[in-house]
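Contents: one structure, followed by commentary.
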Amino acid sequence: MSKKHPTTVYALDGTPLTLGPILGKGGEGEVREVRERPALVAKLYNAAMTPERQAKLRVMVARGSPEITAIAAWPVATLHATPGPGSDRPILGFLMPRLADHKELHKLSHPMDRLKNYPELGYDFLVHVAANVARAFDALHRAGIVVGDVNESGVMVKSDGRVILIDCDSMQIVDGATTYPCDVGKPEFQPPEILSKTSSFRGLIRTVDNDRFGLGVLIFQLLFFGWHPFAVRMLDGDQQPTADNIKAGRFPYGRDFYATDFTRPPLALDPAAFPDAIRALIEDAFAPHAGEGERPRPDGRRWAEGLERMAAESIVCTRYMTHVHHGGLARCPFCELDLRLGFAILPHVAFDASKLREVWQQIQAAYFELSAPTPAPEVALPEPAPLPEVLARSAREARLITWIELAVLAIALGLAFVTPWLGPWLGPWLGPWLGPWLGTVAALVLPLEIVLRRRRPASYRDLALRTRAGRVAFEAAEAELAAPDLPGLSANFQDAKHAYERILHHDSHRQRELIKVHEATLDLQARRHLARHRLRSAGLAAIPGAVVVSLEKQGYDTAADVLRLRQRPPRGLAPAHLAALARWEKQVTTRFVPDLDDPDYLLAIDTRHRELDAEHAHLMQRLLLSRDWLVERLPPDRRRRAAAREAYLERWTSYGTDLQAWRAASARFSRRASTTR
């Protein structure tokens, strides 16, 4: 059960500090917020601290400096339970800088963790972080501090690549004649001279050179995607713990490496991918007898200088921006490693993802603006114009005459309708004058209309013509506001969309295509391997010579031919002979070893890479050309839209004024506006 800590603790000068929520817990204690000092956190121990450990903390606080606190979560002040004076009060814990936006180093060095936490970072970032780790160790070593418990969880990485070492209270520090050792350690990061002598680290006095072994392991894991320099493949299948490999000196990455019982992991990065200077540093750190006599292991400064030189000499792969490798290589080592692994060891970013999104957003914005209709301005209807008296009188007369016309027409139509029914029984006296009377009534309609038209003032005719012209102009303005049918607008957008989608999936397409070439080429190598083993030279005791001669005459003379033979056995071949041939072919097949350095294989892979590169470049060109076509049409279209809105406002105002006056003059006139001449 963990110890319950007080909510208020005191600094060495007696200043009270209020503890906030718990940020983390461990076997030794817990880390909590400090309300009065948000840039710091408090580490409080569960168990009472021994006098030696309290003395060590006081020494560490006194040894602190801006150089150390810049690269380590170093103790900056001791914490006590009571506010009384004196430095001999029991220590509960200490204050240290608070870390924000930091992650453990293993989340960067191990591929699966890195792809999850850093999905778009390239190999250059790994080199950058490795150099910063080397500088941090060098700063501590120059201050006389030995880390001791080196491990991938003891180094925190910020998003910009800066590193901070934590668990500083366990580090080894010297105060005069007294050495305060590091009592813990992870065997995989300890040098062979320590592992071969002891299994306990309590009270062990370490040297700076011991630390350099662990530093080399951290850098190696960053450069080799999480592989440990002593993680080997035993050829007899009996795998050994990494610590045992360290003690036995099983280091498979030397330039002159040769061993009969172990080799490098088959999926590890080839050390030939690094310049000679880095390979020399790796050998000096891990090769047998490293750190002995006059051959010290590389210090942090040498590592940092070598890594900086490698970064300066690196180039970007023509296929992926994240594949940043040494410029002296003929081929990208990470593309080859991807092929062997069957997945992307580094994120496949063939084009700057942010720029690609930016280009696509420009295309979408331009297309939607060009294809959308211009929004019509919101214009209030104008007030009706004052109606002149002459128009008002004309409107009253027009209404009266209209009613007369309607009445006459109704009577005429009614009589015309009923005459065929009334004629037979009204008698001969009605017939002689009914026809002429209906003709007279019908003839009066035209003169009445003529009189009406003559009595209309000229202003009425002008108003009708203006209203009709205004309506035509208004309809033309509305048509101008509609989206123009630009030739090629839809075609360019669809072309850009197709290119964009193919670019997004081009990495997986590339991987599938390369795997096809890989498998086809290795299948060809396997067939060549089988074709080199002739049946006559096999010396199969189970098959008589006569049978061998007979098979050769039928075209079955190599192990490659046995595949055809098994599919369609020739007549007369005994099942026992067929089984013996199958066993022989299987034995030959198991001895096949793919040759990934075969010139034909490399040429096939490189040719397909170049074809895929050209395909990707073509897609990018299509995308950018469509973007340029759409964007270039935006300025004239915006000018057209502005002019269309102005014309719309002007024509709407004119049309609205005339329309209101027209409607106020007469509803009948309004209905006849389109036919008035």
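Heads up: numbering here begins at 1 and tracks the sequence. Below, each value reflects all heavy atoms present in this structure, side chains not excepted, and no hydrogens, waters or symmetry copies.
- Under the 3.5 Å distance criterion, the side-chain polar atoms of K107 are left unmatched by any main-chain donor or acceptor of N117.
- In terms of heavy atoms, L356 sits closest to I503 at CD2-CG2, 3.8 Å.
- In this structure, Y601 and Q525 have side chains that are in contact, with non-hydrogen atoms separated by less than 4.5 Å.
- Interatomic distance, I278 CD1 to L223 CG, rounded to the nearest 0.5 Å: 7.0 Å.
- Put simply, the side chain of L222 reaches to within 4.5 Å of the side chain of L108, judged on heavy atoms.
- Side chain of H80 to backbone of T82: no donor-acceptor contact under 3.5 angstrom is found.
- In terms of heavy-atom proximity, T8 sits nearest to P16 at CG2-CB, 4.2 Å.
- Distance check: C332 SG to D338 CG gives 8.0 Å after rounding to the nearest 0.5 Å.
- Put simply, the side chain of V232 does not reach to within 4.5 Å of the side chain of Q240, judged on heavy atoms.
- Between the side chains of H228 and E188, no donor-acceptor pair of N or O atoms lies under 3.5 Å.
- No donor-acceptor distance shorter than 3.5 angstrom exists from the side chain of R202 to the backbone of C182, with no hydrogens or angles considered.
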* Would V41 and L95 count as a side chain to side chain contact (heavy atoms under 4.5 Å, CB included) if you check the C-alpha gap in whole Å, the side-chain angles of each, and the deciding distance to 0.1 Å? -> CA-CA 6 Å; V41 293; L95 293 177; over 6 Å; no
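- Take P97 and apply the side chain to side chain contact (heavy atoms under 4.5 Å, CB included) test, not counting sequence neighbours, and it matches V76.
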* To do: Apply side chain to side chain contact (heavy atoms under 4.5 Å, CB included) to the pair V146 and F137, showing each step before the final yes or no.
  => CA-CA 9 Å; V146 177; F137 271 75; over 6 Å; no
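- A cation-pi geometry, defined here as NZ or CZ lying under 6.0 Å from the six-membered ring centre and within 45° of its normal, does not hold between R114 and F225.
- For R53, the CZ atom is densely surrounded, since the number of other residues' heavy atoms within 6.0 Å is greater than 12.
- The two atoms that bring H609 and L514 nearest to each other are CE1-CD1, 3.1 Å, heavy atoms only.
- The two residues Y180 and E52 make their nearest non-hydrogen contact at CE2-O, 3.6 Å.
- From L105, atom CG reaches atom CG of L165 across 9.5 Å, with rounding to the nearest 0.5 Å.
- Within a 6.0 Å radius of CZ in R233, no more than 12 heavy atoms belonging to other residues, nucleotides or ligands are found.
- Between L235 and D261, every side-chain heavy-atom pair lies at or beyond the 4.5 Å cut-off.
- The side-chain hydrogen bond (donor to acceptor under 3.5 Å, both in side chains) test with R250 singles out one residue from D244, N245, T242, and that residue is N245.
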* Under the salt bridge (charged side-chain N to carboxylate O under 4.0 Å, His left out) rule, what do D149 and K186 come out as? Steps first, then yes or no, please. => CA-CA 6 Å; D149 184 20; K186 192 173 182 178; over 6 Å; no
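- Looking at E152 and S109, their side chains never bring a donor and an acceptor atom within 3.5 Å of each other.
- In terms of heavy-atom proximity, I166 sits nearest to A73 at CG2-CB, 4.3 Å.
- Taking 4.5 Å as the limit, every side-chain heavy atom of P75 sits out of range of all side-chain heavy atoms of M96.
- Panel note: side chain E30, backbone L23; no donor-acceptor pair is recorded below 3.5 Å.
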* To do: Test D167 against V184 for side chain to side chain contact (heavy atoms under 4.5 Å, CB included), laying out the working first.
  => CA-CA 11 Å; D167 296 333; V184 292; over 6 Å; no
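- Looking at Y320, its side chain never comes within 3.5 Å of a backbone N or O of L346 through a donor-acceptor pair.
- The cationic group of K103 lies under 6.0 Å from the six-membered ring centre of Y118 and within 45° of the ring axis, placing it in a cation-pi geometry.
- Panel note: side chain D175, backbone T178; no donor-acceptor pair is recorded below 3.5 Å.
- A donor and an acceptor atom, one from each side chain of H141 and D211, are located under 3.5 Å apart.
- Donor-acceptor pairing under 3.5 Å is lacking for the side chains of H102 and R162.
- For F286 and Y253, the ring centers are positioned 6.0 Å apart or more.
- Atoms CG and CG, from L215 and D299 in turn, are 9.0 Å apart once rounded to the nearest 0.5 Å.
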* Under the salt bridge (charged side-chain N to carboxylate O under 4.0 Å, His left out) criterion, do R142 and E67 qualify, and how do the steps go? -> CA-CA 11 Å; R142 284 188 284 108; E67 293 76 16; over 6 Å; no
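- Between F251 and F230, the distance from one ring center to the other falls under 6.0 angstrom.
- Using a 4.0 Å cut-off between a side-chain N of Lys or Arg and a carboxylate O of Asp or Glu, R302 and D138 do not qualify as a salt bridge.
- Crowding of R279 atom CZ: a count of heavy atoms from other residues, nucleotides or ligands under 6.0 Å exceeding 12.
- For the atom pair CZ (F201) and CG (D183), the distance works out to 11.0 Å, reported to the nearest 0.5 Å.
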Listing, residues 262-271 side-chain donor-acceptor contacts under 3.5 Å, not counting sequence neighbours, or none:
unit_1, atom_1, unit_2, atom_2, d
D270, OD1, A272, N, 2.9

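- In this structure, V217 and V150 have side chains that are not in contact, with every pair of non-hydrogen atoms separated by 4.5 Å or more.
- For R255, the CZ atom is densely surrounded, since the number of other residues' heavy atoms within 6.0 Å is greater than 12.
- Taking CG of L307 as the reference point, atom CG of N132 lies at 10.0 Å (rounded to 0.5 Å).
- At distances below 3.5 Å, at least one donor-acceptor pair connects side-chain atoms of T69 with backbone N or O atoms of S65.
- Between the side chain of R297 and the main chain of A285, a donor-acceptor pair closer than 3.5 Å is present.
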* Quick one: do H106 and N151 satisfy side chain to side chain contact (heavy atoms under 4.5 Å, CB included)? Show the steps, please. => CA-CA 9 Å; H106 69 82; N151 63 81; over 6 Å; no
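- At distances below 3.5 Å, not a single donor-acceptor pair connects side-chain atoms of K158 with backbone N or O atoms of I164.
- The shortest heavy-atom contact between L612 and H506 is O-CE1, 3.3 Å.
- When side chains are defined from C-beta on, Q190 does not count as touching N210, because their heavy atoms never get closer than 4.5 Å.
- Side-chain contact check for P192 versus L195: every heavy-atom pair is 4.5 Å or farther apart.
- The closest side-chain donor-acceptor pair between S159 and D101 falls under 3.5 angstrom.
- Remark: the backbone N or O of R206 is paired with a side-chain donor or acceptor of Q172 at under 3.5 angstrom.
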